[in-house]
Amino acid sequence: MKNKTAPPIESPCTGICTIDQQTAFCLGCGRSLAQIAAWSSYAPATRRAIMATLQAPSAFERTRS
């Protein structure tokens, strides 16, 4: 019997895990602390929907201003 492993969880994490003190969003990926904490419990469709919003320039503007 082959040992099946779960596929890796999709994530926008860039390895720059720094939370902006004013916005409470990660400077690396743009997610909120709540999103980061709950990421592994989200369904794949939910993770993809969140990642789609993070790719929009306006999502990153809030973390860089």
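The closest donor-acceptor contact from the side chain of Trp39 to the backbone of Glu10 lies under 3.5 Å. With Arg31 contributing its side chain and Ile36 its backbone, the two residues share no donor-acceptor pair below 3.5 Å.
Rounding to the nearest 0.5 angstrom, the gap separating the CG atom in Leu54 from the CD atom in Gln35 is 6.5 Å.
Minimum heavy-atom separation, Cys13 to Cys17: SG-SG, 4.1 Å. Across every non-hydrogen atom of Cys29 and Pro12, the tightest pair is CB-O, 3.4 Å. In terms of heavy atoms, Thr23 sits closest to Asp20 at N-OD1, 2.8 Å.
In this structure, Ser40 and Ile9 have side chains that are in contact, with non-hydrogen atoms separated by less than 4.5 Å. Looking at heavy atoms from C-beta onward, Ile19 lies out of side-chain contact with Leu27 at the 4.5 angstrom threshold.
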